Amino acid sequence: MAHSREASKSGHAPHANITKAAVHHHLPERHHVPAPVDYDTSNPIETRKYLRTYGLIPPGVDTFENQSKRCMAILNSRKTDIEKYQYLSVLRNTNVHLFYRLLSDNIKELTPLIYTPTVGEACQRWSELYTQPEGLYLSFDQDKGNLHSVIQNWPHDVEITVVTDGSRILGLGDLGINGMGIPVGKLSLYTACAGIHPMRTLPLCVDLGTSNEEFRNDPLYLGSRRPKVTPEEEKEFLDEMMAALTERWPSIVIQYEDFKNPFPSLERYQDTYTMFNDDIQGTGAVILGGFINAVKQSGVAPKDQRAVFLGAGSAGVGVAKQLTEFFIKEGLTEEEAKKRFWLVDSQGMVTLDRPGKLAEHKVYFARDDNNGEQYKTLEEVVEYVKPTILMGLSTIGGAFTPKILGRMAELNDKPVIFPLSNPSSKSECTFEEAIKYTNGKCLFASGSPFPTLHWKGKDLVPGQGNNMYVFPGIGLGAILSKSVNVTQNMIYASAEALSTSLLPQEVSDNWLYPDIRRIREVSVIVTRGVIRAAQKDHMDRELALRNISDEELDDYIRTRMYDPFTEHLKIEREISELASHFNAHISDSSSTAATNGSRRSTVTSRPGTANGRPRAPTRGQNAHGDALTAQNQ
Ligand SMILES: NC(=O)c1ccc[n+]([C@@H]2O[C@H](COP(=O)([O-])OP(=O)(O)OC[C@H]3O[C@@H](n4cnc5c(N)ncnc54)[C@H](O)[C@@H]3O)[C@@H](O)[C@H]2O)c1
Ligand SMILES: O=C(O)C[C@H](O)C(=O)O
Ligand SMILES: [Mg+2]
């Protein structure tokens, strides 16, 4: 991540010319209650005095490095992953900038602890482990008809929200309000990967009841105990929610996440609000991004690709649609492109003539060329199709058996094996299994992370095909371009941009995705692609970005990104501005006092102004300005 190493070394920037005595004795009483972050042990003494936390923190001033060492040592002393998750949650809630400094310096190591796979267990046990508020809950039973006023309770301005009803959390089923861990985790990545300011993010969980009977009967469960509302009731509730969110924050970007049936809301809102569905669209984009690179490596032309998908839900269909669009761009007709796919669900291969009603979202890819044959198992389908690609979005851990993997290796020089279900326990196979049973031939990406594998004298690094590579850039692109909607072209552009983000070394090492440690730079590239597509679609309202070069746009994106390593400079600037303002007062007052005994009353400053210009209010500033006036008089 790009951050000021100079600042990080010392823990704070070189100070403005301000004497300790001036700060200590002349700063006014501040009336705000210090926020948890104000107790940061890297805060210089002057900052502590300004924030009124002086004396409430041990006297030594920490460097960022020391803080990081201490946190990592504490983290490593926690035995289980869920204990580590809990420690990191507390850190995020008590010192958000330190949390993000730690995360950005250790993104590869910490992401699995705040996101998949650990977030899966955190959600399963959310009510059992609950300690602190971390988002907004809207309840069907208690709040319907009143969402507008509940939303007013959120204390900050919001640029982006991730909303779930908890009904399909990863591959773990309906977890009701326990699903809140997912918006919390996704938004942490928005901040870490795309630099959305943590205070501008809103984790949102709607309580529409749950089909999870075990939870409904669990005394510790913190959601309503009603069964899931009907689709019609859900629609009315979401209509009200979308209107209320947008009324309070007109430019809010809304990401739908982990809904059991997300198709109706995407269709209903995508042309009306700035929203997208991460499981359908984000997943489609991230897999397309890796797939573009896999096609280059496999050497198999799009017209010869044969893709078998285990899982025909929101993610399966989302990915298949995105790949279809790619095949069309590569010269196939739509009919030819969609014929490259064979989807398999819990009842077997998806065909038009199989018994029972086919869910609407499966009809597009349903096969009509099966001659009345129905293929029940994945093994049968693989034998029938002879695929080049095997995708797993089924929630069935281990479904890619050694036999199936071995067969893929017999059929192909470089089979594409993407077990994408989350968390790790639901992955259709592990990296080790994929390598072992294809004899090291496969092009691999999984939804959850797997460790590097030592194989025949080489270190093999698995790709991670997780939507975390694109949703941060999609969201940031929509925010910065002030896009009216999130269009299909913007989603597609995120995939193309991702596919170009690999370094030459990563390409020559046959990686499909860039190193996760470069995620912030990758997000800049994805964001740029999304903004350019928004402009082409005339969705953008930030027109000034249209006429700048890509280089300038990248710089603009970087400067708009929250940087936890420089955040403290804001408050230090506030202090030094105040000090120079105060010193100017003194010299002004004393020189005028010499000539005119009583000019003092005319030099009192208006609260919230600097150099006579209005200034955006920042934390404590009004109280500060008022008090300064009072003290000077
Ligand atoms: N890697 C990523 O970025 C990413 C993104 C989104 C979703 N996912 C994962 O993909 C999985 C599916 O998500 P979804 O939103 O599509 O869920 P979903 O509930 O909409 O779909 C699940 C699909 O799997 C099928 N299925 C269930 N049991 C099966 C079986 N025994 N054999 C064959 N098919 C079976 C279902 O019929 C359904 O078609 C989840 O584990 C989720 O975590 C991963
Ligand atoms: O949450 C993730 O890790 C990816 C994806 O959105 C999922 O639902 O599995
Ligand atoms: Mg999801």
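Note that this is a predicted model, so its numbers are computed, not measured. Indexing begins at 1, ligand by ligand and atom by atom, following the structure's order. Keep in mind that the numbers below use all heavy atoms, side chains included, and drop hydrogens, waters and symmetry copies.
D345 and R354 are joined by a salt bridge, as a carboxylate oxygen and a charged side-chain nitrogen come within less than 4.0 angstrom of each other. Ionic pairing of K339 and D368 is present here: one or more N-O contacts between side-chain nitrogen and carboxylate oxygen are shorter than 4.0 angstrom. Note on K376 versus E380: no salt bridge recorded, every NZ/NE/NH1/NH2 to OD/OE distance being 4.0 Å or above.
By the criterion of a heavy-atom distance under 4.0 Å, neither the backbone nor the side chain of M468 is placed next to ligand 1. Contact annotation: for D279 versus ligand 2, heavy atoms closer than 4.0 Å belong to the side chain alone. The proximity of D278 to ligand 1, defined as any non-hydrogen pair under 4.0 Å, does not occur for either the backbone or the side chain.
At least one N/O-N/O distance between N467 and ligand 1 falls below 3.5 Å. For ligand 2, the polar-atom distance check finds no N/O of T116 at less than 3.5 Å from any of the ligand's N/O atoms. Residue K426 has no N or O atom closer than 3.5 Å to an N or O atom of ligand 1.
Among all protein heavy atoms, the one lying closest to atom 9 (O) of ligand 2 is N422 ND2, 2.8 Å. At the top of the distance list for atom 40 (C) of ligand 1, counting protein heavy atoms only, stands T395 CG2, 3.6 Å. Scanning the protein for heavy atoms near atom 3 (O) of ligand 2, the closest one is N466 ND2, 3.0 Å. In this structure, the protein non-hydrogen atom closest to atom 25 (C) of ligand 1 is G311 CA, 3.9 Å.
Taking all heavy atoms of D258, N467, D278 into account, the minimum distance to atom 8 (O) of ligand 2 is reached by D258. Of the candidates S446, S346, G465, it is G465 that places a heavy atom closest to atom 1 (N) of ligand 1. Scanning P423, G313, G282, S314 for the heavy atom closest to atom 14 (P) of ligand 1 points to S314.
Among the atoms of D278, none of the N, O or S atoms falls under 2.8 Å from the Mg ion (ligand 3).
Summary: OD1 is the N/O/S atom of D279 found nearest to the Mg ion (ligand 3).
Between N466 and V286, the shortest heavy-atom distance links the atoms O-CG2, 3.1 Å.
Rounding to 10 degrees gives 100° for the angle at the Mg ion (ligand 3) between OD1 of D258 and OE2 of E257.
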